[in-house]
Novice: 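Let me begin by handing over the structure; questions about it come next.
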Protein chains: 2
Amino acid sequence: MSKSEVVELRVLEEGGVVPCCPPITAGELSQADAEKMAAMFKALSDPVRLRLFSKVASHPGGEACVCDIADVGVSQPTVSHHLKKLREAGLLTSERRGTWVYYQVAPSVVAAMAAMLDLRG
Amino acid sequence: MSKSEVVELRVLEEGGVVPCCPPITAGELSQADAEKMAAMFKALSDPVRLRLFSKVASHPGGEACVCDIADVGVSQPTVSHHLKKLREAGLLTSERRGTWVYYQVAPSVVAAMAAMLDLRG
DNA sequence: TCCTTGCTTCGACGTCTGTCGATACAACGG
DNA sequence: CCGTTGTATCGACAGACGTCGAAGCAAGGA
């Protein structure tokens with residue numbers, strides 16, 4: 001990474017899904033699209049984050065309390081750090097309910113990835 | 001990353017496609033699967049690499065000479081460095097023909113990504 | 001009001017990464 | 001041969017990243 005700017009991935013706009021980027025095989029990516037896609041892939045480029053994401057995604061109801069998914073082999077502050085990264089990338093959303101914080105997969109995230117990979121069928 | 005091991009992504013075996021990992025939403029990822037998938041996403045987590053990959057993928061014939069794709073805003077050694085990373089991740093293959101080196105998208109890479117995202121049609 | 005539990009933030013640390021210029025290597029043409 | 005052009009490797013450096021323990025904040029119970 002040469003820049004330290006935060007590139008936020010917009011896969012959701014109010015009212016519906018907005019594809020974040022053109023398919024990766026459809027032509028040369030613009031600088032801006034490349035940065036958006038890279039931010040998304042980067043968020044998934046760590047084994048711990050991937051496991052956290054898949055734990056949330058596969059949890060009944062599509063959401064999970066931090067305490068349900070925290071057992072991924074690193075300390076609790078590190079789990080929190082990775083969940084924050086996933087939040088910032090727009091892949092997860094979080095909500096406090098009483099004592100616990102619940103994480104959900106942001107809607108249409110997987111569909112947005114599918115669009116990038118040109119798998120709209 | 002805490003470890004420095006090289007995790008090689010095997011999307012191709014002799015004779016056919018072998019899905020690298022289970023779908024990301026199908027259940028909790030094993031440590032090993034998470035590392036393989038992370039390696040693939042990591043290779044695509046840089047804007048320069050993403051642009052190089054898309055240039056190769058969208059080039060007529062599915063392959064491109066380095067000289068055709070090298071204009072991505074960084075120096076020639078840096079381009080070479082990124083192409084090497086994409087090769088090591090199993091996303092691109094390369095072949096020297098005379099003076100020039102041609103890069104191709106490794107077959108079934110995109111399909112392997114689709115399997116991860118559970119988009120099997 | 002205190003203590004306990006769940007989660008986040010802070011500060012520090014070693015390691016990995018992207019970048020470059022310089023240099024080396026490969027293939028070809030004179 | 002030697003020079004030229006295309007590509008890869010080397011060595012160095014600044015910045016980003018993953019990790020941890022310590023400390024902070026939020027919510028609820030005694």
Side-chain angles (χ1 to χ4, degrees), chain A residues 1-7 31 34-35 37-53 55-56 59 63-89 92-104, chain B residues 1-7 31 34-35 37-53 55-56 63-89 91-104:
Chain A
M1 276 110 288
S2 58
K3 302 278 199 67
S4 62
E5 347 165 344
V6 172
V7 180
Q31 180 70 29
E35 281 174 11
M37 293 183 55
M40 171 168 238
F41 284 129
K42 189 171 187 175
L44 294 173
S45 71
D46 180 274
V48 172
R49 283 198 292 271
L50 227 26
R51 295 186 75 193
L52 289 170
F53 185 84
K55 282 195 172 201
V56 173
H59 222 257
E63 70 171 17
C65 165
V66 175
C67 56
D68 290 328
I69 59 175
D71 183 23
V72 286
V74 294
S75 72
Q76 196 278 322
T78 301
V79 168
S80 198
H81 166 75
H82 284 304
L83 287 173
K84 184 178 186 179
K85 289 257 185 172
L86 288 167
R87 251 189 292 126
E88 288 172 346
L92 294 181
T93 60
S94 69
E95 181 187 351
R96 174 179 283 271
R97 288 207 289 276
T99 306
W100 299 278
V101 175
Y102 291 83
Y103 279 79
Q104 303 92 27
Chain B
M1 272 111 291
S2 58
K3 301 278 198 63
S4 62
E5 343 164 347
V6 171
V7 179
Q31 180 69 31
E35 280 174 10
M37 292 182 56
M40 172 169 235
F41 284 129
K42 190 170 184 174
L44 294 173
S45 72
D46 180 274
V48 172
R49 284 199 290 272
L50 227 27
R51 295 185 75 193
L52 288 171
F53 184 84
K55 281 195 173 201
V56 172
E63 69 171 19
C65 166
V66 175
C67 57
D68 289 329
I69 60 176
D71 182 23
V72 284
V74 294
S75 71
Q76 188 274 321
T78 300
V79 168
S80 198
H81 166 75
H82 284 304
L83 288 172
K84 184 179 186 179
K85 291 258 183 166
L86 288 168
R87 250 189 292 128
E88 288 172 346
L91 297 179
L92 294 181
T93 59
S94 68
E95 183 187 351
R96 174 178 283 274
R97 288 207 291 274
T99 306
W100 298 276
V101 176
Y102 290 82
Y103 279 78
Q104 303 90 27

Novice: Rounded to whole Å, how long is the line connecting atom CG of A:Asp46 with atom P of D:dA16?
Specialist: 18 Å
Novice: Checking contacts here: which listed nucleotide (D:dA27, D:dC17, D:dT7) is nearest the side-chain heavy atoms of A:Arg96?
Specialist: D:dA27
Novice: Rounded to whole angstroms, how far apart are NZ on B:Lys84 and C1' on C:dT19?
Specialist: 15 Å
Novice: Against B:Leu52, only a single residue in B:Ile69, B:Val74, B:Val66, B:Leu91 fulfils side-chain contact (heavy atoms from CB on, under 4.5 Å); can you say which?
Specialist: B:Ile69
Novice: Could you tell me if the side chain of B:Ser80 sits less than 4.5 Å from the side chain of B:Gln76, heavy atoms only?
Specialist: yes
Novice: Which whole-number value in Å describes the distance from A:Lys42 NZ to C:dT17 C1'?
Specialist: 9 Å
Novice: Taking A:Arg49 for its side chain and A:His82 for its backbone only, find out whether a donor-acceptor pair lies under 3.5 Å.
Specialist: no
Novice: By nearest atom, which of the nucleotides C:dC7, C:dT19, D:dT19 is closest to the B:His81 side chain?
Specialist: C:dT19
Novice: Nearest of C:dT8, C:dC7, C:dC20 to any side-chain atom of B:Val74?
Specialist: C:dC20
Novice: From D:dT19, C:dC7, D:dT7, pick the nucleotide closest to the side chain of A:Thr78?
Specialist: D:dT19
Novice: DNA chain D: A:Pro77 or A:Gly98, which has the more 5' nearest nucleotide?
Specialist: A:Pro77
Novice: In whole angstrom, what separates B:Leu52's CG from C:dG18's C1'?
Specialist: 13 Å
Novice: Side chain of B:Ser80, heavy atoms from C-beta onward: which of C:dG6, D:dT7, C:dT17 has the nearest atom to it?
Specialist: D:dT7
Novice: Within the 4.0 Å heavy-atom criterion, would you say A:Arg49 contacts the bases, only the backbone, or no part of the nucleic acid?
Specialist: sugar-phosphate
Novice: Applying a 4.0 Å non-hydrogen cut-off, can you work out what B:Tyr102 is touching in the nucleic acid: base, sugar-phosphate, or nothing?
Specialist: nothing
Novice: From the options C:dT19, C:dC7, D:dG18, select the nucleotide whose nearest atom is closest to the side chain of A:Lys85.
Specialist: D:dG18
Novice: Mind checking if B:Thr99 touches a base, just sugar-phosphate, or nothing, with heavy atoms under 4.0 Å?
Specialist: sugar-phosphate
Novice: For the backbone of A:Asp68 and the side chain of A:Lys55, can you confirm whether one donor and one acceptor N or O come within less than 3.5 Å of each other?
Specialist: no
Novice: In this structure, how many angstroms lie between the C1' atom of D:dA26 and the CD atom of A:Glu95, rounded?
Specialist: 16 Å
Novice: Calculate the interatomic distance between B:Gln76 atom CD and C:dT19 atom P; express it in whole Å.
Specialist: 14 Å
